[in-house]
Amino acid sequence: GFCFDWDREVRTSDPEFYTWTQWIFLKLYNSYFCNAQQKARPIEDLVKKYETKGDKNFTAEQWNAFSKKEQEDILMNRRLAFSKYGEVNWCEALGTVLANDEVVNGVSERGGHPVVKKKMRQWYLRITAYADRLLEGLETVDFSDSMKEMQRNWIGKSEGAEMDFEIKGAGNKLRVYTTRPDTIFGVDFMVVAPEHDLVNEIKSAEQAAAVDEYVAYVKSRSDVDRMAEKKITGCFTGAYAINPFDRKEIPIWISEYVLAGYGTGAIMAVPCGDERDFKFAQHFNIPITNIIGSHFNGEEANSTKEAVLENSGFLNRLLMKDAIGIAVNKIEELGIGKRKVNYRMRDAGFSRQRYWGEPFPILWNGEIPSALSPDELPLELPHVDTYGPGAEGEGPLANITEWVNTPEGRRETSTMPGYAGSSWYFLRYMDPHNSATFCDRKASDYWNQVDLYIGGTEHAVGHLLYSRMWTKVLFDLGYIGYDEPYKKLLNQGMIQGSSRFVYRISWAGMGHDGGSIDPQTLPQIFISKKYMDAIENNIAIDIDFVRHTSISLLKSIFQQISNVSFPVITANKIHVDVNIVDGYELDVEKFMQQNNGRYAESEFIYEGDEMDKYICGGEVEKMSKSKLNSVNPNELCDNYGADTFRMYEMFLGPVEMSKPWDTKGIEGVHRFLRKLWRLFFDDLKGKVWNEEKANDAELKILHRTIKKIEEDTERFSFNTAVSTFMICVNELADSKCHKKEVLENVLILLTPYAPHIAEELWNKLENEGSILDAAYPAFDGKYLIESSKEYPISINGKVRANINLALNLEQAEVEKIVLQNDIVQKWLDGNAPKKIIYVKNKMVNVVL
RNA sequence: GCCCAUGUGGCGGAAUUGGUAGACGCAGCAGACUCAAAAUCUGCCAUUCGCAAGGGUGUGAAGGUUCGAUUCCUUUCGUGGGCACCA
């Protein structure tokens, strides 16, 4: 029952749209996060403050004396959109930057070339500044708990302490972040991220080679690989840190499980309290200090906070959770560290070395960026002849020298990521044609937040966080009146394709006599899944296999492959049309008929108790034509109508659940709609609905249905709502209730579920109905009937023949029906049919 | 590896907040109507023992809490999604 207002269609790739994406980018660039007010403010406010009052690190005079570059560097540290050097996956052979999912096992997915980390200048959004507000905002929106949990975990707020450890025999210090300062006496080693700046400075001469080798290894690995690795890897640097409390020397290791981007890129490892530290210590035979007495059994770490501390100097005999605060106080007192709130979330990378994206409205003069002014927007994406990367791995725009080089400076050649436009597009729907602003404040105030946003959980930590941040920035700057974009979020599940496979015996490689066997002459044998499993598991399948294979078939195989005493059997996995598979059982006859009979002569080797089942293999994967696991919705609409299709989708299961698409049950929904129709119109009798008064039993059915449907609809439980409709119609049919009083109420409920049929019936309740009463409407006023097909036809209920009908059915224009068959024509004998009854592409009844 | 979700008959699923497990639908079986179909209607349909009456078992697995667990807790296995350049 809903519809789209196509006047409001937008495209984020349209310059009329992305001019405003660039405009918002400029707002981000020209704003900073004011910690005192916890909101975005124009960067001029900060500049003014620096010019007049200075900052804790410099006076106003110093600021004014800074060079342009120095000033810009300081401001860049505060801008909400900022540029700095960051690491990317660099593939030298392809000359381009790769996404993490284009890197598999350290090499490029395409071509298998090596991929390394490379530092390049990148743009970022300072989403970390909004971490707390993104957390708080979750309390005000109606998202699922799991969605909120995913966002909270992504933001990963933790409270702890940052502290500096002296490094033995060196001037510099190792800064670590820990949430458990109470375990300071249990630190048995340090782990530093391999890419940490200190590594090169502190590695000992003896360990240098090993460290370099390990760093090179880590460089080739993606973060995901690093985190997912079960194997424990690491390398001792040869350096020691000093525990400030007991002066114990602590060996410093590097390992890939510590990431440079999180915290300080270094941790203090407490093996008795942390599982990963424990495994690391075990693996490298590092002695473990027990500070929690019997809570540590020596076999696994125990991360409790309830233990009483031992071997812990001034913290002895304290409960761990009480010791946390005491330890931090002591650390602060000694000036070796301080309380620190840490976030797992990092600033969001905002530049891509790609062509397709919004160009940045930024010019560079050396290392100093400057922004275009809003009236220079849009900065349109220029035409390129080639999409190849720039000389230094920049995006393709770098190759257009005349575009890049302007009198005012060198253009930024990266483009914005896909999420730039999608972070604010909902606002543009509210005011899509405004050329003066991205969205008039009046329009955004009027429409307010998005009432219901429907999207998958895959957006949890990407799009949904970005658009929440952008909304907060626009709110802070006064351009919109709310700081959360989506009032309610519904995660719909993904409809997947459930692929099915048959296994065809492969003759490749079986002819050891120089390829004299023509595979075309060999029979095609499909083996059921059980045998395929046996092959894959290298189980000796011959006995079972041979026993159930037709002997003559095997003989013919062996005769042709004379050089092989027993063939090494392999089989190829072939996609089979999922529509001819019931569960996993293949409809072999249909399979043989498909593909123009390509497999009509094939042999099938079955399994099961009766040895009569061909069982397919199955995988749930992306829906795709080539995988034969897709269903054409047009075909279903043609056969069943849009209402049936819609209701069946709802009937499939909970809307938030992903599931493989399966059309098996659609017949039931269609039957329900036909049954509903028959409450109003009988196939032969025509109109059956009446104006009688409903009795108590009928009203009970009605009102129970109203209550249930209301509840189900409110909680988006559309599948149970459809069940409720079915129960209602069954009960009304059983009690032979055709009363308008009841039926019209059912139609009101049904309207959002089956709008076309509901509307059609509603009209007929008002105008007595037409001659086409018994045809079931599909959608858009069309009826479920196809012309030029062969239908069995009956006249006055008696079957006479199968005929070809050329039907030109339009609503209430029955005289246009042409029966192109002499015999039937004779029967009809010039009598215009009173009624055509059409029963789902199976049967046509003509009533004279 | 980490985070989130999920697991119930032959199949999709229901059980709304701890209270009769399997609603509703598909498939299947049997029957009615029919010359025969189609359509429609009726009955059966978790599993096991039993002629039946009736009993046992049963919501991925193993424990636990409870008078009572598909539901809550712990552990574990499988599957799907995400893990920062897909968005």
Side-chain angles (χ1 to χ4, degrees), chain A residues 86 88-89 96-103 122 127 144-154 156 222-231 257 261 275-276 344-354 357 414 417-423 455-467 491 493-494 496 582-585 620-621 648 651-654 656-669 671-672 674-675 678 683 708 711-712 714-715 717 719-727 730 733-734 791-792 794 797-799 802 837 839-845:
Chain A
V88 294
N89 299 314
T96 191
V97 174
L98 297 178
N100 275 342
D101 51 28
E102 293 169 319
V103 183
Q122 301 290 338
I127 194 169
S144 70
D145 289 340
S146 59
M147 172 61 70
K148 290 181 178 181
E149 192 64 14
M150 275 189 266
Q151 296 207 344
R152 281 192 204 102
N153 291 338
W154 184 258
S222 72
D223 284 1
V224 178
D225 287 343
R226 285 172 61 169
M227 302 300 284
E229 184 59 78
K230 280 183 185 164
K231 210 168 65 194
Y257 79 88
E275 194 56 34
R276 261 192 318 188
R344 204 184 68 91
M345 180 169 67
R346 309 200 290 264
D347 285 325
F350 194 65
S351 48
R352 301 288 184 265
Q353 284 67 52
R354 307 257 192 256
S414 298
Y419 71 79
S422 67
S423 290
T457 53
E458 68 271 22
H459 296 296
V461 297
H463 165 63
L464 285 169
L465 279 180
Y466 303 135
S467 57
N491 295 126
M494 192 193 297
Q496 300 156 314
D582 178 4
Y584 290 90
E585 191 181 346
V620 171
E621 45 182 11
Y648 179 59
F651 189 57
L652 268 178
E656 67 274 13
M657 212 66 83
S658 285
K659 64 176 55 67
W661 176 251
D662 191 344
T663 55
K664 264 195 314 175
I666 197 166
E667 197 62 48
V669 175
R671 276 204 274 264
F672 152 73
R674 296 210 304 266
K675 196 165 188 173
R678 286 197 304 273
D683 285 357
K708 187 79 166 45
E711 287 167 359
D712 287 344
E714 280 302 313
R715 64 190 178 105
S717 183
N719 54 329
T720 54
V722 176
S723 295
T724 306
F725 277 122
M726 289 175 172
I727 294 166
N730 282 340
D734 286 349
Y791 298 103
S794 75
K798 289 286 170 188
V799 174
N802 286 336
I837 295 160
V839 187
K840 203 196 155 242
N841 79 3
K842 297 259 171 65
M843 156 81 81
V844 175
N845 267 305

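Just so it is clear: chains get the letters A, B, ... in the order the sequence lines come, proteins before strands, and each one is counted from 1. Computed over heavy atoms, backbone and side chain alike; hydrogens, waters and symmetry mates excluded.
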Provide the Watson-Crick or G-U wobble partner of [N], both distances under 3.5 Å; none if there is no partner.
{"N": "rA5(B)", "value": "rU79(B)"}
{"N": "rU17(B)", "value": "none"}
{"N": "rG22(B)", "value": "none"}
{"N": "rC44(B)", "value": "rG28(B)"}
{"N": "rA84(B)", "value": "none"}
{"N": "rG68(B)", "value": "none"}

Quiz item: Just by protein heavy atoms under 4.0 Å, how would nucleotides 15-22 of chain B read 5' to 3' in B, S and -?
Solution: SB------
Take the protein atom [atom1] of [X] and the nucleotide atom [atom2] of [N], then report the distance between them rounded to whole Å.
{"X": "Ile727(A)", "N": "rG25(B)", "atom1": "CD1", "atom2": "P", "value": "7 Å"}
{"X": "Phe672(A)", "N": "rG12(B)", "atom1": "CZ", "atom2": "P", "value": "23 Å"}
{"X": "Leu465(A)", "N": "rC3(B)", "atom1": "CG", "atom2": "C1'", "value": "13 Å"}
{"X": "Met726(A)", "N": "rC24(B)", "atom1": "CE", "atom2": "P", "value": "11 Å"}
{"X": "Asp734(A)", "N": "rC41(B)", "atom1": "CG", "atom2": "P", "value": "9 Å"}
{"X": "Glu656(A)", "N": "rG13(B)", "atom1": "CD", "atom2": "C1'", "value": "13 Å"}
{"X": "Lys675(A)", "N": "rG25(B)", "atom1": "NZ", "atom2": "C1'", "value": "12 Å"}
{"X": "Asn491(A)", "N": "rA5(B)", "atom1": "CG", "atom2": "P", "value": "11 Å"}

Quiz item: Got more than 12 heavy atoms from elsewhere within 6.0 Å of CG, Asp145(A)?
Solution: no
Would you classify [X] as touching base, sugar-phosphate or nothing, given that sugar-phosphate means primed atoms plus P, OP1 and OP2, and contacts are heavy atoms under 4.0 Å?
{"X": "Thr457(A)", "result": "sugar-phosphate"}
{"X": "Arg344(A)", "result": "base"}
{"X": "Met345(A)", "result": "base"}
{"X": "Asp347(A)", "result": "nothing"}

[M] and [N], which share atom name [atom1], separated by this distance in whole Å:
{"N": "rG68(B)", "M": "rU17(B)", "atom1": "P", "value": "22 Å"}
{"N": "rU65(B)", "M": "rU70(B)", "atom1": "P", "value": "16 Å"}
{"N": "rU79(B)", "M": "rC26(B)", "atom1": "C1'", "value": "23 Å"}
{"N": "rU66(B)", "M": "rC72(B)", "atom1": "C1'", "value": "10 Å"}
{"N": "rC3(B)", "M": "rU75(B)", "atom1": "P", "value": "11 Å"}
{"N": "rC44(B)", "M": "rA53(B)", "atom1": "P", "value": "13 Å"}

Quiz item: Backbone N or O of Pro417(A) within a donor-acceptor pair of the Arg354(A) side chain at under 3.5 Å?
Solution: no
Quiz item: Is a side-chain donor or acceptor of Ser144(A) paired with a backbone partner of Met147(A) at a separation under 3.5 angstrom?
Solution: yes
Considering all heavy atoms of both residues, which atom of [X] and which atom of [Y] are nearest to each other, and what is their separation?
{"X": "Val461(A)", "Y": "Met150(A)", "value": "CG1-O, 4.0 Å"}
{"X": "Ser422(A)", "Y": "His463(A)", "value": "O-CE1, 2.9 Å"}
{"X": "Tyr419(A)", "Y": "Phe350(A)", "value": "OH-CD1, 3.4 Å"}

Quiz item: Tyr648(A) vs Trp661(A) aromatic rings, parallel, tilted or perpendicular, using cut-offs 30° and 60°?
Solution: perpendicular
Distance check: side-chain N/O of [X] vs OP1/OP2 of [N], anything under 4.0 Å?
{"X": "Asn719(A)", "N": "rG25(B)", "answer": "no"}
{"X": "Arg152(A)", "N": "rC4(B)", "answer": "no"}
{"X": "Arg671(A)", "N": "rA27(B)", "answer": "yes"}

Quiz prompt | Minimum side-chain heavy-atom gap Thr720(A)-Lys708(A) below 4.5 Å | solution = yes
Quiz item: Do Met726(A) and Val669(A) have side-chain heavy atoms sitting under 4.5 Å apart?
Solution: yes
Check every atom of [options] against the side chain of [X] and return the nucleotide holding the closest atom.
{"X": "Leu652(A)", "options": "rG12(B), rG10(B), rC4(B)", "value": "rG12(B)"}
{"X": "Ser146(A)", "options": "rG13(B), rC4(B), rC26(B)", "value": "rC4(B)"}
{"X": "Phe651(A)", "options": "rC11(B), rG25(B), rC83(B)", "value": "rG25(B)"}

Give me, pair by pair, the N or O atoms of the protein and of nucleotides 31-33 of chain B that are less than 3.5 Å apart, along with how far apart they are.
none

Quiz item: Using the glycosidic torsion, which applies to rG22(B): syn (within 90° of 0) or anti (everything else)?
Solution: anti
Self-check item: Worked check of salt bridge (charged side-chain N to carboxylate O under 4.0 Å, His left out) between Arg152(A) and Glu149(A)
Solution: CA-CA 5 Å; Arg152(A) 281 192 204 102; Glu149(A) 192 64 14; 3.3 Å; yes
Quiz item: Could you give the distance from CG (Leu465(A)) to CD1 (Ile127(A)), rounded to the nearest 0.5 Å?
Solution: 5.0 Å
Quiz prompt | Residue whose nearest RNA chain B nucleotide is more 5′ - Asp145(A) or Trp154(A) | solution = Asp145(A)
Just the table, please: protein N/O against nucleotides 85-87 of chain B N/O, every pair under 3.5 Å.
{"from": "rC85(B)", "atom 1": "O4'", "to": "Arg352(A)", "atom 2": "NE", "distance (Å)": "3.0"}
{"from": "rC85(B)", "atom 1": "O4'", "to": "Arg352(A)", "atom 2": "NH2", "distance (Å)": "3.4"}
{"from": "rC85(B)", "atom 1": "O2'", "to": "Leu98(A)", "atom 2": "O", "distance (Å)": "3.2"}
{"from": "rC85(B)", "atom 1": "O2'", "to": "Ala99(A)", "atom 2": "N", "distance (Å)": "3.1"}
{"from": "rC85(B)", "atom 1": "O2'", "to": "Asn100(A)", "atom 2": "N", "distance (Å)": "3.2"}
{"from": "rC85(B)", "atom 1": "O2", "to": "Arg354(A)", "atom 2": "NH2", "distance (Å)": "3.1"}
{"from": "rC85(B)", "atom 1": "N4", "to": "Gln122(A)", "atom 2": "OE1", "distance (Å)": "3.2"}
{"from": "rC85(B)", "atom 1": "N4", "to": "Gln122(A)", "atom 2": "NE2", "distance (Å)": "3.4"}
{"from": "rC85(B)", "atom 1": "N4", "to": "Gln353(A)", "atom 2": "OE1", "distance (Å)": "2.5"}
{"from": "rC86(B)", "atom 1": "OP2", "to": "Asp101(A)", "atom 2": "OD1", "distance (Å)": "2.6"}
{"from": "rC86(B)", "atom 1": "OP2", "to": "Asp101(A)", "atom 2": "OD2", "distance (Å)": "3.3"}
{"from": "rA87(B)", "atom 1": "OP1", "to": "Gly418(A)", "atom 2": "N", "distance (Å)": "3.1"}
{"from": "rA87(B)", "atom 1": "O3'", "to": "Gly418(A)", "atom 2": "O", "distance (Å)": "3.3"}
{"from": "rA87(B)", "atom 1": "O3'", "to": "Tyr419(A)", "atom 2": "N", "distance (Å)": "3.1"}
{"from": "rA87(B)", "atom 1": "O3'", "to": "Ser422(A)", "atom 2": "OG", "distance (Å)": "3.1"}
{"from": "rA87(B)", "atom 1": "N1", "to": "Glu458(A)", "atom 2": "O", "distance (Å)": "3.1"}

Practice problem: Before giving the answer on side-chain contact (heavy atoms from CB on, under 4.5 Å), spell out for Thr96(A) and Gln353(A) the whole-Å C-alpha distance, their side-chain angles and the decisive distance to 0.1 Å. | Solution: CA-CA 8 Å; Thr96(A) 191; Gln353(A) 284 67 52; 5.7 Å; no
Practice problem: For Asp347(A) and Gln122(A), run side-chain contact (heavy atoms from CB on, under 4.5 Å): C-alpha distance rounded to whole Å, both residues' side-chain angles, the deciding distance at 0.1 Å, then the answer. | Solution: CA-CA 11 Å; Asp347(A) 285 325; Gln122(A) 301 290 338; over 6 Å; no
Practice problem: Dump the intermediate steps for side-chain contact (heavy atoms from CB on, under 4.5 Å) on Arg678(A) and Arg674(A), then the final yes or no. | Solution: CA-CA 6 Å; Arg678(A) 286 197 304 273; Arg674(A) 296 210 304 266; 4.0 Å; yes
